[in-house]
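Structure first, commentary second.
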Protein chains: 2
Amino acid sequence: MLEKSHKHITCSTCAGRKSSLLGSLCQDEVDHMNDHKACNYYKKHQSLFLEGSFPRGVFCINEGMVKIFQRGDEGKEQIIHIAKSGEMVGFRSMFSEIPYKVTAETLEESNICFIGKDDFLNMMDSNPVLRNGIIKELSRELADRADFITNMAQKSVRERLAFTLIILLDIYEKEPINLSREDLANFVGTATETLIRLLKDFKEEGIIEVHTRKISIINKEKLFSIAGK
Amino acid sequence: MLEKSHKHITCSTCAGRKSSLLGSLCQDEVDHMNDHKACNYYKKHQSLFLEGSFPRGVFCINEGMVKIFQRGDEGKEQIIHIAKSGEMVGFRSMFSEIPYKVTAETLEESNICFIGKDDFLNMMDSNPVLRNGIIKELSRELADRADFITNMAQKSVRERLAFTLIILLDIYEKEPINLSREDLANFVGTATETLIRLLKDFKEEGIIEVHTRKISIINKEKLFSIAGK
DNA sequence: TGGAAAAAATGACCAAAATCATATTTCAAA
DNA sequence: TTTGAAATATGATTTTGGTCATTTTTTCCA
């Protein structure tokens with residue numbers, strides 16, 4: 001169970017930070033950040049920011065999971081990314097200087113810190129490693145999104161589900177995948193009913209195991225061969 | 001008709017550069033770049049770089065048009081972007097330090113210059129305006145690609161065609177859109193036959209005018225209303 | 001812990017768009 | 001200018017996956 005008070009989380013001991021984009025910070029920078037950030041506890045289904053609003057800083061996930069999605073014309077969500085401990089969200093729109101095109105919402109209870117825009121930009125100005133790390137990260141995400149687009153355009157729902165489960169396996173690591181059928185459908189880009197039917201197929205084919213809503217992957221190789229590549 | 005020799009193109013008088021990411025360069029930087037870059041004339045359907053190969057620098061389009069695409073499993077292209085005069089291509093993968101995930105190929109004869117990786121990175125190190133411009137550009141493209149993904153997932157082919165024609169109107173400006181039906185289908189993410197049928201509909205509805213392969217947009221408003229938003 | 005509400009599951013049906021086959025037009029090279 | 005290949009166009013058919021209706025299960029919380 002997470003700490004539910006708004007207790008301060010210390011950057012220098014934050015497990016996620018070291019392997020994140022902020023891993024390159026020197027002690028002084030970490031201390032400064034630690035003094036200037038705000039820490040918050042989020043319940044499940046709380047939003048960090050909304051599509052259309054204006055970025056004021058970046059969010060660092062200490063613990064928890066956040067879905068990043070867009071709402072289409074009929075209100076249906078399209079999940080673009082799922083971020084977890086150690087990841088930062090909100091900096092992409094901050095740089096672009098246009099309002100958020102996506103919404104960020106917790107998938108589970110989470111501890112998330114907030115660093116103001118000016119503080120973050122100052123760190124970037126004075127830290128070339130951080131700067132280059134961010135440029136590299138943005139570029140890699142662009143490549144990932146190109147893949148995402150091509151998959152959407154050319155693959156069947158079954159193939160996309162296999163692909164998505166592989167991505168989710170990376171995110172959830174050893175834990176079983178714990179997403180609502182609707183969120184999963186909105187990540188794959190299909191109707192919830194279609195998704196449920198395909199999950200049933202995968203279950204019958206011995207690719208996954210399902211316990212209530214939680215999905216465990218049994219046969220990763222088969223998943224790869226369905227996803228193609 | 002373009003200059004077909006490999007004659008040098010002068011950066012300081014390059015019309016595209018001023019409004020591009022390289023518009024912030026001082027005279028010294030422009031001169032240095034001018035001395036170190038390579039200029040090339042490309043015929044129609046020549047590639048600048050191939051998916052899987054390793055980036056060695058960036059390409060600046062002086063004149064012409066370039067399609068950026070991925071090849072799906074069945075070899076079908078998915079066009080991700082169409083770049084024109086003043087745009088740079090190839091820098092996204094260069095930063096990510098992974099091989100190209102996309103191929104870049106001219107859609108028409110083009111004059112394109114090449115700046116080596118080290119030269120470009122040096123410019124970025126010493127020029128914060130360029131650096132920030134690139135970060136902003138990468139972030140904006142991420143936002144665009146989120147839209148692209150949501151469109152792919154949630155819109156009908158008809159809606160996506162309308163959306164794509166609006167994008168192409170921006171790219172071709174006053175000129176009629178001059179793409180093969182196959183390229184257009186590969187941008188929209190549909191089969192060529194479906195695309196042709198929908199173009200016929202649009203023609204009959206008085207939205208576009210078609211002269212052999214060239215498409216002119218007559219009713220932009222209707223296109224917007226079909227695209228939704 | 002009971003009961004309402006939400007989520008998941010299933011079935012029947014339908015629509016959008018892909019595929020396959022073939023005809024017609026356009027274009028570029030001889 | 002002819003001619004053959006490539007691009008465009010059209011028709012018939014099939015498939016995928018979406019929609020709507022309903023049932024069953026799970027979750028939440030009063």
Side-chain angles (χ1 to χ4, degrees), chain A residues 1 43-46 67 72-79 107-109 150-164 176-204 208-215 226 228, chain B residues 1 43-45 67 72-78 107-109 150-164 176-204 208-215 226 228:
Chain A
M1 191 55 81
K43 286 183 290 193
K44 204 174 179 173
H45 302 311
Q46 272 195 295
K67 68 173 170 179
D73 294 343
E74 262 83 281
K76 187 178 164 68
E77 296 177 6
Q78 176 59 45
I79 297 182
L107 286 168
E108 51 184 50
E109 49 173 6
T150 304
N151 277 346
M152 277 301 183
Q154 300 193 1
K155 299 210 182 203
S156 66
V157 177
R158 183 180 156 89
E159 291 168 319
R160 271 163 23 220
L161 173 57
F163 188 85
T164 304
I177 296 163
N178 185 15
L179 272 182
S180 72
R181 298 293 176 261
E182 193 179 357
D183 278 339
L184 195 44
N186 290 342
F187 202 3
V188 174
T190 188
T192 308
E193 296 93 323
T194 303
L195 178 111
I196 288 168
R197 284 180 244 267
L198 285 168
L199 277 184
K200 195 185 171 195
D201 292 348
F202 280 11
K203 202 164 61 183
E204 284 168 3
I208 60 171
E209 214 165 60
V210 179
H211 294 102
T212 61
R213 63 145 40 185
K214 292 183 183 174
I215 299 167
I226 292 168
Chain B
M1 189 58 83
K43 287 182 291 192
K44 204 174 178 173
H45 302 311
K67 67 172 169 180
D73 294 345
E74 261 83 280
K76 186 177 165 70
E77 297 177 5
Q78 176 59 44
L107 285 168
E108 50 183 52
E109 51 174 2
T150 305
N151 277 345
M152 277 300 184
Q154 302 193 0
K155 299 209 181 205
S156 67
V157 177
R158 182 180 156 90
E159 290 168 319
R160 274 170 12 228
L161 173 56
F163 188 86
T164 304
I177 295 163
N178 186 15
L179 273 181
S180 73
R181 297 294 176 262
E182 193 179 357
D183 278 339
L184 196 43
N186 290 342
F187 202 2
V188 174
T190 187
T192 307
E193 296 93 323
T194 303
L195 178 110
I196 287 169
R197 283 181 245 268
L198 285 168
L199 277 184
K200 195 186 169 192
D201 291 349
F202 280 11
K203 203 164 61 182
E204 283 168 3
I208 60 171
E209 213 164 61
V210 179
H211 292 103
T212 61
R213 64 147 36 187
K214 292 184 185 174
I215 299 167
I226 293 169

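If you're wondering where the values come from, they're calculated on a predicted model, not measured in any experiment. First the proteins, then the strands, lettered A, B, ... as listed; each starts at 1.
- At whole-Å resolution of the value, CG in L198(A) and P in dG18(D) are 9 Å apart.
- A sub-4.0 Å separation between OP1 or OP2 of dA7(C) and a side-chain N or O of S180(A) is absent.
- In this structure, the side chains of D73(B) and Q154(A) stay at 4.5 Å or more apart for every pair of heavy atoms.
- Residue side chain R181(A) does not reach the base of dT26(D) through any donor-acceptor N/O pair under 3.5 Å, judged by distance alone.
- Here dA16(C) presents its P atom at 16 Å from NZ of K155(B), a figure rounded to the nearest Å.
- Nearest nucleotide to the V157(B) side chain, out of dA17(C), dG17(D), dC20(C): dA17(C).
- Annotation: side chain of E77(B) is in contact with side chain of D183(B) (closest heavy-atom distance under 4.5 Å).
- For T190(B) and dA18(C), the shortest distance from a side-chain N or O to OP1 or OP2 is below 4.0 Å.
- When the P atom of dT25(D) is taken as reference, atom CD of E182(A) falls 21 Å away, rounded to whole Å.
- If you find the closest nucleotide of DNA chain C to A153(A) and to R213(A), the one lying nearer the 5' end belongs to R213(A).
- Taking atom CG of L195(B) as the reference point, atom P of dT10(D) lies 13 Å away to the nearest angstrom.
- Summarising the geometry, the separation between NZ on K203(A) and P on dT10(C) is reported as 7 Å, rounded to the nearest angstrom.
- For R197(A) against dG18(D), a side-chain-to-base donor-acceptor contact under 3.5 Å is absent.
- L179(B) places its CG atom 14 Å from the C1' atom of dA7(D), with the value rounded to the nearest Å.
- Residue T212(B) places none of its side-chain N or O atoms closer than 4.0 Å to OP1 or OP2 of dT26(C).
- In this structure, the nucleotide among dC20(D), dA8(C), dC20(C) sitting nearest to the side chain of E193(B) is dC20(C).
- Within the 4.0 angstrom heavy-atom criterion, no nucleotide atom of any strand lies near T192(B).
- The side chain of S156(B) approaches dA17(C) more closely than any other nucleotide in the set dA9(D), dT19(D), dA17(C).
- Rounded to an integer number of Å, the gap from K44(B) NZ to dA29(C) C1' is 15 Å.
- For the pair L195(A)/T192(A), no side-chain contact is recorded, criterion being any heavy-atom separation below 4.5 Å from C-beta on.
- Each of T194(B), V210(B), I215(B) was checked for a side-chain contact (heavy atoms from CB on, under 4.5 Å) with L199(B), and the lone residue meeting it is I215(B).
- Between the CG atom of L184(B) and the C1' atom of dA9(D) there is a distance of 15 Å, given to the nearest Å.
- No N or O donor and acceptor, one from the side chain of R158(A) and one from the base of dG17(D), sit under 3.5 Å apart.
- Sparse packing is recorded around CD of E182(B), with 12 or fewer heavy atoms of other residues, nucleotides or ligands lying under 6.0 Å away.
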